[in-house]
Novice: 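Structure below; questions to follow.
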Amino acid sequence: MLERRSALESSDPPTGGREARPLVIGEVRGFTLLQAAAFVGTVAALERAVRSALGVELPKRMDAPRHANGVCVFKTGPEAFLLVGPDDARPASTAQAGLESSSNPVPLFAEDTRLCKVGPEQVRPAGAQGSWMDALREAVPSAMGSLTPLSHGRTRLFLEGTPAREVLSTGIAMDLHPEVFRRDGCALTGLEETPVLLHRTGSQRYELYVLRTYAGWIWEWLTDAAQPFGYEVVEKTHVSLLAEADGRT
Amino acid sequence: MSAGSHRVRAGGRIDRTEPRAFSLDGRRLAGYRGDTLASALLAAGVSVVGRSFKYHRPRGFVTAGVDEPNGLFTLGEGGRAEPNAQGTVVQLTDGLRAASQNAWPSVRFDLGAVNSWIAPVLQAGFYYKTFMGPTRRAWMFYERLIRRAAGLGAARPDPDPDRYDTRYLFTDVLVIGAGPAGLSAALAAGRSGARVLLIEQDGLLGGTLLSDPVTGQTEPWRARLEAELQSLPEVRILRHTTALGAYDGNTVILLTRRDHCAPDPGKGEALQILTSVRARAVIHSTGATERPLVFPDNDRPGVMMASAVRTYLNRYAVACGRHAVVLTNNDSAYTAAFDLAPQIDRVTVVDVRRAIHPALTAKAASLGVEVHAATAVTGVLGRTRVRGVTLTPIDGARSRPAACDLLCVSGGWSPVVHLSSHGGIRPRYQADSAAFVPGSYAPGHFGAGALTGRFSLGEAVQTGWRSGLQAEAECGFERASAGPPAVPEGAAPWDTANHRIEPVWALGGARAGKAFVDFQNDVTIRDLTIAHQEGYESVEHLKRFTTLGMGTDQGKTSNINALAIMAGLRGIELPEAGSTTFRPPFVPARLGALAGRHVGRHFRPVRRSPLHAWHLGHGAQMIEAGPWLRPWYYRWAGETVERAYLEEMRRVRAAVGLSDVSTLGKIDVQGPDAAEFLDRLYVNGFARLPVGKARYGVMLNDAGTILDDGTTTRLAETRYFMTTTTAGAGEVMSWLEFLVQTAWPELRVHVSSVTDEWAGIAVAGPQARAVLERALPGCDVSNEALPHMGCLEIEWDRMPVRLIRLSFSGELAYELYVPADYGTAFWEHLLSSGEPFGIRPYGLEALASLRIEKGHVAGAEVDPRLTLNDLGLGRMARPEKPFIGRELAARPLLDSPERPSLVGLECLESGQRLRGGAILFAASDELKGHGRGYVTSVTWSPTLGKFIALGFYAGGLRHAGEEIVCAFPLYGERVRARITSPVFLDPKGERLHA
Amino acid sequence: MLRIHCPLCGERPYTEFRYGGDAGKHRPVHGAGGIEAWHDHLFLFENAKGPHREFWQHVQGCRQWLIAVRDTATNIVADVALARDARGLDPQGPGGP
Amino acid sequence: MMRYSLPRLVGHALRDRPWPRAWRKATPRSHYDVVIVGGGGHGLATAYYLAANHGIRRVAVLERSYIGSGNVGRNTTLVRSNYMMNGSTQFFEFSLKLWEGLSQALNFNVMLSQRGQIVLGHSPAQMDGLARRGNTMLLNGIEAELLDRGQVQRLLPYLDYSGAARFPIAGGLLQRRAGTVRHDAVAWGYARAADSLGVDILEGCEVSGFLLDAGGVHGVQTSRGRILADRVALAVAGHSSQLAALAGLRLPIESHLLQAFVTEPIKPFVDHVISFGAELFYLSQSDKGGLVFGGHIDGFNSFTQRGQFPKAQGVAQCALALIPGMSRLKLLRHWAGIQDMTPDGGPFICRTPVRNLYFNGGWCYQGFKATPAVGWCLADTIARDEEHPLVRCYGLERFAQGGASLDEYGHGHWTYRH
């Protein structure tokens, strides 16, 4: 199986700054991210579909996600949502999201079961079954809305520790006072010139979903901003999202 | 005088247990912790600290704060050398090295002072009237001399080793200035629980209270307020922090200086931090600064502001002289006289007013201070140090000299209205205090203390408290229960709201000697008179003509005096003369602080392809392409780009190569109306594109000129995969969103950027199919299964792959898209699969050259000034189908067949080359003017063995076969070339259909 | 610094947005309107000194195109709405793009 | 007019004699041959050339505030003629030639400093673009030199040639005759010279309307009363739309803010005008010693004359990307001017649909350097009631016709991107 590589593989500066290292910075790996969007007038249908497929509600507000069954849903537009869930076991099929698909996967090339044609004829892939993304695909027909996989397009970073808020405030022009940007709060905003989704997953822990192609630059920028406080880089780990969002501080 | 000879034995806020060694121009000196550079120099008896801008007159310190016009130094050395630092605000640190400026050989003996001899010629605006001959370029000669004489400190080219940070803060209430009004306001707001940010440019809180004796009545009050503020959890205090400017949206920009603690940039410590504060309410408690009086030779070292002398005495324990004359037009200067009297030999007050409050004269008498009422100082004796003054009674009696070594001046107080005026609000003149005060306040802004033109301590505390309550109400907080802090008992009788000022601006007549209005820029009363005579009367003309207020102090001490004097000359009232425009920053701010960490490689964000690390590890020379870094060429093919790209091209043409095309913009278009959407967008049709097919498309903007191009593939009935140019991706994405959201909301279509989601790899060359067959065993990539412009979506090794057969190089070629995390592994897989066929990576330069051979437009040709016809693509448009830009593309002059349009060019001369940017002429043309066209892209074609180019030529391919001239006069070159089809290679497309 | 209240995301500095120009004009119906209609739409501006109806896209947020009413003499933003709401689905609706 | 000269300056100094006013404090007459609305550089130059070139001396310049209070007094003072698009190349060269004799013509030192401008290129493609520009200049009789990286480094040793540079310097295009001018002197010099030829300069005179009838315009209503005129010209950049609207015209113009910046004065450091290639950014050092620089417009319509601070930060970042040592220099002032932006970045000098009403505006970034040529050509256009040959491409109708592109930046017709 091909190896997945992090966007940060070429930018891995050492732990730095002062001797005291109150801040931990790292990348969260191993999650699946999917954009689901309804058309004007089909939001209610999409909501029902998501609820029945995943058992999670769509958030009404932009500043707080909803969670259930291991899936966290952020609202990103009037009818658009980002769903973050556990790694979908090498989901096949990124390509296929949003298609009305038949329920019987048919290997197209019998001599190599690793290969399936999934395009024009909309044939189901062989590999992935029973994943939450597939469940959603089943539930959302193209007239109801669109599904766009973005797991590879976003890099998920986290900062944890007392200075986390101050480090973020060097680049994010939002009020991050704990009474204003509350725990489990989220926002789409800018980190300097790049767009980010900021999620406060603990009292002193923040996660940032950044565009993958900017991830290296943002990593360098964040670790540089963290220097005056002292920080430590933890091994890039596969952390379950909701364990974080549900409570660790 | 020996070092430290002016230091008073006890008192002050300096810490005598912590000496600080520093140097001025190499001379070693000492001061204490708590000193400023200025107080330490004054303590050491240094009187001349600078030379003026124009006449190079010796100058000493005038003030004790940010309004200092004279005492400017270059601090530090090498990469840390900072010119034009005000000695009055520089914290004294151990090892500080200061150098004086604008003088040669030294500030005490400066040859530039010869300018004083010809001063009458160097009057205001003299340079507009001369230096115009003998030749037209004569100014270039004079300018060199003038430039050398001008300027203050020197800049150095060394990079700055220091670090600067920026940050954003949010607060309910921002209090600017921690004088008595600010402390009171912060407390009122803070007690309610509001988030308060109190900023103070000084290192200590208290403002003018810090100039009171430490043992005086106000100190316990000051300390108590400071302590309570520090105990409130939502009150944040920033010291050494100056508000530079007030901007839209209740944003105030702050600069925090940490130069007193020598930060270590290696540990990420910033020298300065720039903070952008958004406050729901802003309290301006910026205080007031004392202003000088204008009289002959009022710039001599030893002429100082009365309040500054008092500050040096009480805060820094420095007596600026032994025998002081205090010249005033108001009560406030008496405090200085009374504080000085017990500490020095003799104090005399010279008061221009006739009536003086009896309490003052009584107190003066008790301290042995002589008071001369209705008297002015009309001259100063001494050149590098005051030796005496000329006293002239107002009623015209005879003048007489009086000896002294210090002249303390008070011409009244000017509220610091800068910040409250940044919002465009003009200050208004308040006659009873002879001061400009804020004309009004922006919504959510409040004023307090001396800023309001009310100068007593009691009023400061009261107005501060009131504004604090107003601010907290603005933010919706409950009013705190306790009342304002009690004002210290026994306020002096002269502590009145307006100091009983009698506005007098200039003494001693307009013509006698040099009476300075602006010290730093050497503007005298006489200059103002000349400006008036010549008609430069409006405030702005006056400033620009005389350079008044244009120095590093921005006229903090000079503006009002100048306005008043000009009003007098014009015979109008002061308010009629208007006021100057106050522009940020309030004090000069380092550009480093503005730039923050956006310097060097952080200057602008870098975008990296998912394959970036591989390129770096495999000999790629990278090149900037907009925000992206892309492989320019690879070292396997050569050490220089000139050699490498040819080798890479050869490999593609003869065997197979692969290149990273991840930077292309990628947009996912989904929805039942996706086809209709694309049909409206592109000039050509996409609705009837079969599923599994790709098509090249061009889109125009509303004006009918080129917006972008790219290939769009139909993945399903309701889903397309669009690619855009690398440079156009962001613009196109916003444009599609604009159309979907505002113009055609009835269409059920979604557009999503998936540029970051997919890695893109092009495999090109005669062996491309063989590589894929080996890389994707079992996948039928035969010409039948996957013809040119066909698309397969497959899954390989449980990873989705989009395989689109299309060619930019003209060879048999494919673009493969895989999820970005797999990009590198899949690229490596393709490389190893292609090894038997000699596959090698190729970079941007080869990519560009391959497409030139094939005549594909890109880069310089996809020019938003051009039309579809200009690119030779007019036939793509389906005019029966409405598309964006169709109407305006038909504007008469855009349709002209004589517009330059795309052609190919081949070089007809061996040993010569074509160059991008050459201008094209017909063979018979005179080489003059704009020519008939120009060259956009050039390459040596290893396939054809000659230089070929793409360019635009009037009439385009109607001239195919003609011999023309490519002129490159920058290099003195003219080269013959022939116009050809832009498709140099395989015009029938046999290779790409193979 | 100018701040804009995005109806979805809240108040943000203008640097999170892309300016889109005059929104006080009707965009001609797609495929209809001749050179003159498109010329007037694209090239002629009221350029008001005072309240100005204009497009902004929240590019670092919800990516929605908004219509703001901003006083160009004071930079005070009086009102902001999603462009599609401000316009309604009726292309001839008031203040359509 | 009393001539200015060194002997006279010395004489005045020795005898302490007062100078006469540079221009009279005129009172409005009831009728003029030509009324020019706008007492900036363009309006004053037009008045001067009407009198000097065409003998039309019954001319009034109406200025709402004081003369030179608009963009002529708040720009970064650059003059150059390195324009590539046909239509602009010759016009700006004509302007530069007029600059070269202006101090002598006006007997007022405008301090033209031809220190040379270098436009930097940071990629091979950008260097090709600069080559096209330079070749076009040479073929139009304008000097230009293409510099490689080494040549740039010899001329400008203080730029960032280190590996840390985000956008490395590939080379540059040098125009040696380009440079700077003392901006206020331009307004004052033209005013004084025009005044001496009989032109009335009316400060504090705001136009509130036009006197219109079927025959066109025949005067203006002002804060100082009605003034009749045979011909009226508008030169009020920043408020072009507002004035034109009074005459019933809608223009292809939006008003945007452009900020400018100056550091505190330092000894001679930068001896050229430098333009960054990675972003729009330009810098020079004033004779007084301040580094003067600017960048892009703020990016949205505004009349506030207050810039946005993030733009100032962006510009400071450009400054440091170019000259890292500037980090230690201090910003003294930044300010904003209102400028007319047009869809193609080109200006207008033309007649209008209203008879006897002439328009000059839409100058985007280039109004200051154009001042003498604007005055010359607009005066000619007014005097002959027909566009001067150099400005025929600067008509209001060009967008309807799809006329010659003037878009130097290659942005296409996207107003907000200029």
Side-chain angles (χ1 to χ4, degrees), chain B residues 168 170 245-253 276-278 280 423-425 442-444 676-677 679-681 700-705 730-731 733-747 750-753 879-895, chain C residues 1-5 11-15 17-21 23 25-43 55-60 62-67 70-77 81-91 93 95-97:
Chain B
Y168 301 95
F170 292 78
Y247 295 85
D248 290 337
N250 266 14
T251 305
V252 179
I253 303 298
S276 175
V277 182
R278 151 82 179 151
R280 292 163 76 191
I425 296 168
E676 168 67 16
F677 174 69
D679 248 19
R680 294 185 186 184
L681 186 66
L700 307 181
N701 57 32
D702 276 337
T705 58
E731 191 75 35
M733 187 63 204
S734 276
W735 176 232
L736 302 195
E737 287 165 327
F738 180 87
L739 293 171
V740 168
Q741 294 172 21
T742 77
W744 309 324
E746 70 280 7
L747 293 186
H750 287 151
V751 290
S752 315
S753 168
E880 75 281 4
K881 169 186 82 81
F883 57 84
I884 298 245
R886 181 181 70 166
E887 288 74 19
L888 290 185
R891 285 179 285 165
L893 294 176
L894 285 186
D895 227 13
Chain C
M1 146 165 59
L2 178 65
R3 300 178 67 85
I4 296 167
H5 191 98
E11 189 190 87
R12 299 297 171 82
Y14 83 103
T15 47
F17 299 79
R18 163 195 285 260
Y19 182 60
K25 302 184 281 190
H26 287 281
R27 184 181 174 86
V29 172
H30 186 66
I35 289 179
E36 199 183 328
W38 281 97
H39 167 269
D40 291 0
H41 172 67
L42 200 59
F43 296 125
F55 287 115
W56 291 87
Q57 185 189 16
H58 195 189
V59 283
Q60 291 192 343
C62 56
R63 293 206 63 95
Q64 292 301 298
W65 279 93
L66 314 173
I67 290 180
R70 179 178 56 94
D71 189 321
T72 58
T74 62
N75 279 350
I76 291 171
V77 181
L82 293 186
R84 64 183 200 189
D85 295 345
R87 176 189 179 279
L89 295 185
D90 171 12

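Every chain is numbered from 1 and lettered A, B, ... according to where its sequence line falls, protein lines coming before strand lines.
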Novice: Looking only at heavy atoms, what is the nearest atom pair of Q741(B) and R84(C), with distance?
Specialist: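 Taking every non-hydrogen atom into account, O-CB, 3.3 Å.
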
Novice: Examine distances only and state if a side-chain atom of E737(B) and a backbone atom of V59(C) form a donor-acceptor pair shorter than 3.5 Å.
Specialist: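 No; judged by distance alone, with no hydrogens or angles, the pair does not exist.
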
Novice: Side chain, backbone, both or neither: which part of F43(C) has a heavy atom under 4.5 Å from chain B?
Specialist: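 Looking at F43(C), just its side chain touches chain B.
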
Novice: Working to the nearest 0.5 angstrom, can you tell me the gap between T251(B) OG1 and R3(C) CZ?
Specialist: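 So the gap between those two atoms works out to 5.5 Å.
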
Novice: Can you name the side-chain contact (heavy atoms from CB on, under 4.5 Å) partners of R886(B), sequence neighbours left out?
Specialist: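 R886(B) satisfies side-chain contact (heavy atoms from CB on, under 4.5 Å) with P882(B), F883(B) once adjacent residues are dropped.
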
Novice: Quick check on I253(B) against chain C: is it the side chain, the backbone, both or neither that has a heavy atom closer than 4.5 Å?
Specialist: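 Neither part, no heavy atoms under 4.5 Å.
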
Novice: If every non-hydrogen atom of I35(C) is compared with every non-hydrogen atom of A890(B), which pair is closest and at what distance?
Specialist: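 Looking at all heavy atoms of both residues, the closest pair is CD1-O, 3.7 Å.
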
Novice: What's the separation between atom CG in L739(B) and atom CH2 in W65(C), rounded to the nearest 0.5 Å?
Specialist: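 Here the interatomic distance stands at 9.5 Å.
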
Novice: Is it the side chain or the backbone of A37(C) that comes within 4.5 Å of chain B heavy atoms, both, or neither?
Specialist: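 For A37(C), no heavy atom lies under 4.5 Å from chain B.
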
Novice: Which value, rounded to the nearest 0.5 Å, describes the distance between M1(C) atom CE and Y168(B) atom OH?
Specialist: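 Going from CE on M1(C) over to OH on Y168(B), the span is 5.5 Å.
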
Novice: Would you say the side chain of T742(B) lies within less than 4.5 Å of the side chain of R27(C), judging by non-hydrogen atoms?
Specialist: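 A side-chain contact is absent here, since even the closest heavy-atom pair is not under 4.5 Å.
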
Novice: Counting only non-hydrogen atoms closer than 4.5 Å, does E11(C) touch chain B with its backbone (N, CA, C, O), its side chain (CB onward), both, or neither?
Specialist: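 Interface part for E11(C): side chain.
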
Novice: What is the minimum heavy-atom distance between D248(B) and L2(C), and which atoms define it?
Specialist: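 What the structure gives for the nearest pair is CB-N, 3.7 Å.
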
Novice: Could you measure the distance from the CG atom of L42(C) to the CG atom of D702(B)? Nearest 0.5 Å is fine.
Specialist: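 Separation between the atoms: 5.5 Å.
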
Novice: More than 12 heavy atoms of other residues, nucleotides or ligands under 6.0 Å from CD of E36(C): is that the case?
Specialist: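 At most 12 heavy atoms, drawn from other residues, nucleotides or ligands, come within 6.0 Å of this atom.
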
